[in-house]
Amino acid sequence: MLLLTRRQTILAALATSLAGRTALAQSAPAKVRIALDWTPNTNHIGIYVAKAKGFYAAAGLDVEILPFTDTSAGTLVSNGVADFGISSEIEAMTQRAGGGDVKMVYGVVQTETARLIYKAGRDDIKSPKDLDGKTYGGFGGTWESALISAMIRNDGGTGDVKTVTLGTSAYEALDNGSIDFTLEIYTWEGIAAELENRKLGRFHYSDYGIPDEQTTVIVSSDAYLAVSREHARAFIQATRQGYAYSVDHPDEACDLLISNSNGALMNTELVKASQKALIDGHFLKSEAGVIGTIDPAKADAIGAFLLENGILVDANGAALKEKPDFSTYYTNELLG
């Protein structure tokens, strides 16, 4: 009887030890890495809020924000260096068409934030057709030429422009007359220009026949989603909570973004004005109250535009001939 009691005691101790180790393993937060597409700015605000407010921790996640590098966030995701990344709808589509393991999983903005800009007060520029023969200051993307040419043609022009790759600030180039027009992200660069009292004219892409797009998105990979779907779901839902909080509490959210940016953000006025623009323009949260969803109709329309203009190429650099199933380029399943 004594031997049996001792054996029961030992077995009970072992069971308790194993249970403790199991509980510890289960309570250990899952490591998740998200790569930024640029230095910290208001496009990233929901991520910083979710981390600072403990939304990720409450979801059982330890989130590491990887700083911007010369390698695109989508490439880092495709190669398994990051689990998520900040990208653009167009970049995500071109990377996936080219064989990259990239899938859109969250729409940071619900509508286009970019604009075509020129120096205000020019009598020779009233609409995009007036840009024919003028000089565009570009950034080296194949999408740019298709965008500009289509806007001009849709306004009655020929779409023929001169292009130079910018080696200086786009706004400085406009000021010194070395270029006639360029592109900007209005909700950050445009707001900064307004605070500097720069006078600019702007054309919205969608006013001239370009499909509206969700300029900024979060991407993941099919490989990561296959093995870590529940962690992915927890991350996306906590991220949406962060962006929603930033809309409802903009001043606090901006302060959190600034204080956690490791000194990258020093201009409080710009950060708060940018966040105001994102809220007032219904970019982060649509007028219908939508946050985070990838719009299927928008994805299909911008995808079709990219296909028609030869922007989508395969891994060998050949333009796609058949329309892909763009519904495989994104998922909204993690939001639910």
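Predicted, not measured: the structure shown is a model, and the values here were computed from it. The analysis underlying the following values was restricted to heavy atoms, covering all of them including side chains, and did not include hydrogens, waters or symmetry mates.
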Given salt bridge (charged side-chain N to carboxylate O under 4.0 Å, His left out), test Asp180 with Lys119 step by step and report yes or no.
CA-CA 7 Å; Asp180 297 299; Lys119 195 170 182 178; over 6 Å; no
Mind checking whether [X] and [Y] have side chains closer than 4.5 Å, heavy atoms only?
X: Thr94; Y: Leu312; value: yes
X: Leu200; Y: Leu174; value: yes
X: Phe84; Y: Ile236; value: yes
X: Asp37; Y: His44; value: yes

Intermediate values then yes/no, side chain to side chain contact (heavy atoms under 4.5 Å, CB included), Ile47 and Ile86:
CA-CA 10 Å; Ile47 298 162; Ile86 303 291; 3.6 Å; yes
Hey, are [Y] and [X] close enough side-chain-wise for a donor-acceptor pair under 3.5 Å?
X: Tyr205; Y: Glu213; answer: no
X: Tyr329; Y: Gln95; answer: no
X: Tyr330; Y: Glu89; answer: no
X: Tyr171; Y: Glu184; answer: yes

Should [X] and [Y] be counted in the same cluster of Ile, Leu, Val, Met, Phe, Trp and Tyr side chains packed under 4.5 Å apart?
X: Ile294; Y: Phe235; answer: no
X: Val164; Y: Ile152; answer: yes
X: Leu183; Y: Tyr186; answer: no
X: Tyr106; Y: Tyr245; answer: yes
X: Leu166; Y: Ile117; answer: yes

Before you tell me yes or no, could you show the steps for Glu194 and Arg202 under salt bridge (charged side-chain N to carboxylate O under 4.0 Å, His left out), namely the whole-Å CA-CA distance, both residues' side-chain angles and the distance that decides it to 0.1 Å?
CA-CA 12 Å; Glu194 289 179 356; Arg202 293 183 172 89; 3.8 Å; yes
Name the orientation class of the two ring planes belonging to Trp38 and Phe68 (parallel below 30°, tilted from 30 to 60°, perpendicular beyond 60°).
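Taking Phe68 first and then Trp38, their aromatic rings sit tilted (interplane angle of 30° to 60°).
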Look at the rings of Trp143 and Phe305 and say which category their plane angle falls in: under 30° parallel, 30 to 60° tilted, over 60° perpendicular.
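Taking Phe305 first and then Trp143, their aromatic rings stand perpendicular (interplane angle over 60°).
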So does [Y] get a backbone contact from the side chain of [X], meaning a donor-acceptor N/O pair under 3.5 Å?
X: Asp295; Y: Thr293; value: no
X: Ser274; Y: Val271; value: no
X: Asp62; Y: Lys31; value: no
X: Ser78; Y: Thr75; value: no
X: Glu144; Y: Thr182; value: no
X: Asn316; Y: Ala318; value: no
X: Arg96; Y: Phe326; value: no
X: Ser221; Y: Asp101; value: no
X: Asn309; Y: Ile311; value: no
X: Gln110; Y: Ile291; value: no

For Val219, side chain to side chain contact (heavy atoms under 4.5 Å, CB included) partners two or more places apart:
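Scan of Val219 (side chain to side chain contact (heavy atoms under 4.5 Å, CB included), adjacent residues dropped) gives Val77, Ser87, Ala92, Val102, Met104, Val217.
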Which is it for Lys51 and Asn260 under the side chain to side chain contact (heavy atoms under 4.5 Å, CB included) test, yes or no, and what are the steps along the way?
CA-CA 9 Å; Lys51 187 173 174 69; Asn260 288 283; over 6 Å; no
Can you list everything that forms a side chain to side chain donor-acceptor pair (under 3.5 Å) with Thr111? Sequence neighbours excluded, please.
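So Thr111 forms a side chain to side chain donor-acceptor pair (under 3.5 Å) with Asp212.
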Quick one: list whatever passes side chain to side chain donor-acceptor pair (under 3.5 Å) with Asp132, sequence neighbours left out.
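If we apply the side chain to side chain donor-acceptor pair (under 3.5 Å) test to Asp132, skipping adjacent residues, the hits are Thr158.
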Other hydrophobic cluster members with Met266, side-chain heavy atoms of Ile/Leu/Val/Met/Phe/Trp/Tyr under 4.5 Å, chained?
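Under the 4.5 Å side-chain rule, Met266 groups with nothing.
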Test log, rule salt bridge (charged side-chain N to carboxylate O under 4.0 Å, His left out), inputs Arg198 and Asp175:
CA-CA 9 Å; Arg198 294 181 183 273; Asp175 287 342; 2.4 Å; yes
Can you sort out the partners of Phe139 under ring pair (Phe, Tyr, Trp, His ring centres under 6.0 Å), two or more places apart, ordered by chain and number?
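Partners of Phe139 under the ring pair (Phe, Tyr, Trp, His ring centres under 6.0 Å) test: none.
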Does a sphere of radius 6.0 Å around CD in Glu196 hold more than 12 heavy atoms from other residues, nucleotides or ligands, not counting ones at 6.0 Å or beyond?
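Yes - once you tally the heavy atoms of other residues, nucleotides and ligands closer than 6.0 Å, there are more than 12.
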Less than 4.0 angstrom from a charged side-chain N to a carboxylate O is my criterion; do [X] and [Y] meet it?
X: Lys126; Y: Asp155; result: no
X: Asp124; Y: Lys134; result: yes
X: Lys323; Y: Asp300; result: yes

Can you spot which of Asn43, Thr42, Thr216, Leu278 makes a side chain to side chain contact (heavy atoms under 4.5 Å, CB included) with Leu284?
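Filter result, single survivor: Leu278.
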Using the salt bridge (charged side-chain N to carboxylate O under 4.0 Å, His left out) rule, collect all pairs that involve residues 223-236, keeping only residues at least two apart or in two chains.
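Every salt bridge (charged side-chain N to carboxylate O under 4.0 Å, His left out) pair that includes a residue of residues 223-236, provided the two are not neighbours, is Arg229-Glu333, Glu230-Arg233, Arg233-Glu333.
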Go through the steps for Leu270 and Trp188 under the test side chain to side chain contact (heavy atoms under 4.5 Å, CB included), then give the verdict.
CA-CA 8 Å; Leu270 169 59; Trp188 185 258; 3.6 Å; yes
For Leu320 against Ala97, the heavy-atom pair lying closest together
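Heavy atoms of Leu320 and Ala97 come nearest at CD1-CB, 3.9 Å.
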For side chain to side chain contact (heavy atoms under 4.5 Å, CB included), just list the numbers for Leu131 and Leu116, CA-CA rounded to whole Å, side-chain angles, deciding distance to a tenth of an Å, and then say yes or no.
CA-CA 11 Å; Leu131 301 175; Leu116 187 154; 3.8 Å; yes
